[in-house]
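All remarks here apply to the structure that follows.
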Amino acid sequence: MRLFLALVPPPALRWRLGALADVAQARCGGRRMPDASLHLTLAFLGEVGDKQAEELSEEIRSLAIPAGHWTLDVWGHFRRPGIVWVGGRRPDTALQELHERLWERLEAHGLPGRPSRFIPHVTLLRRAERLEADGLPDVDLEWTYNRVTLIHSINDGQTARYVPLACSRAR
Ligand code: ATP
Ligand code: MG
């Protein structure tokens, strides 16, 4: 099964990100991420066997991460896949450390795929047709988080569905 670790936005933030996705889509075209799918990927694991997925679920349930506060204040894009995202203007030390810590644990489980760099972002659009940022509103959002979610990504059609499998303990 295809898995990833993510921060899931609280409902009020999800709604505000969705509103930005609407504005971005009107400006840039492409496919808007459904509100229910908005997230920040911390670690993409790819295909994992059922037994290992169960072990990882247990591990995540027993984990408690430091609470954090992320400021989203910039638009960005990945040109080739036409991804339009929002993220932080400045590197966020807490998120970088969380990413490192999680990959240390994943590697202890024998999982490959740790990337050489991590650009925290929330994807709003896929396959955008126009990538110019003119006319996009200023972004000024705060994300307070204290849990990581292990998510199963199921693609049985056009758009992947995300099913949460396990959540870390709140601090
Ligand atoms: P689909 O690929 O079916 O269009 P999706 O991209 O929403 O749908 P996944 O590919 O399962 O679903 O990706 C889940 C999350 O992991 C997304 O945030 C995606 O950007 C990220 N991701 C996917 N592949 C990689 C990768 N190779 N490296 C880093 N992050 C990835
Ligand atoms: Mg994908």
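First listed ligand is number 1; within each ligand, the first listed atom is number 1.
The protein non-hydrogen atom at the shortest distance from atom 15 (C) of ligand 1 is Thr41 OG1, 3.6 Å. For atom 8 (O) of ligand 1, the nearest protein heavy atom (residue, atom name, distance) is Ala160 CB, 3.3 Å. Shortest contact from atom 1 (P) of ligand 1 to any protein heavy atom: Asn155 ND2, 3.8 Å. Scanning all protein heavy atoms for the shortest distance to atom 7 (O) of ligand 1 gives Tyr162 OH, 2.3 Å. Looking only at heavy atoms of the protein, atom 22 (N) of ligand 1 is closest to Phe44 CD1, 3.4 Å.
Atoms of ligand 1 lying under 4.0 Å from at least one heavy atom of Ser153, given by number and element, are 9 (P), 11 (O), 12 (O). Residue contact check: Arg126 has heavy atoms under 4.0 Å from atoms 4 (O), 5 (P), 6 (O), 7 (O), 8 (O) of ligand 1.
The shortest N or O to N or O distance between Arg2 and ligand 1 is under 3.5 Å. Backbone and side-chain nitrogen or oxygen atoms of His39 are examined, and one is located within less than 3.5 angstrom of a nitrogen or oxygen of ligand 1.
Taking the centre of each ring, His121 and Phe78 come in below the 6.0 Å mark. Ring centroid separation for the pair His39 and Tyr162 comes in under the 6.0 Å cut-off.
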- Message: Does Arg126 form a side-chain contact (heavy atoms from CB on, under 4.5 Å) with Arg32? I'd like the steps, not just the answer.
- Response: CA-CA 6 Å; Arg126 301 279 175 78; Arg32 179 203 190 279; over 6 Å; no
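For Asp156 and Arg161, the salt-bridge test passes: some basic side-chain N is under 4.0 Å from an acidic carboxylate O.
Around the CZ atom of Arg171, the shell of radius 6.0 Å holds more than 12 heavy atoms that belong to other residues, nucleotides or ligands.
Residues Leu56 and Leu111 meet the side-chain proximity criterion, which asks for heavy atoms closer than 4.5 Å.
Arg31 contributes no side-chain N or O that, together with a main-chain N or O of Arg127, makes up a donor-acceptor pair within less than 3.5 Å.
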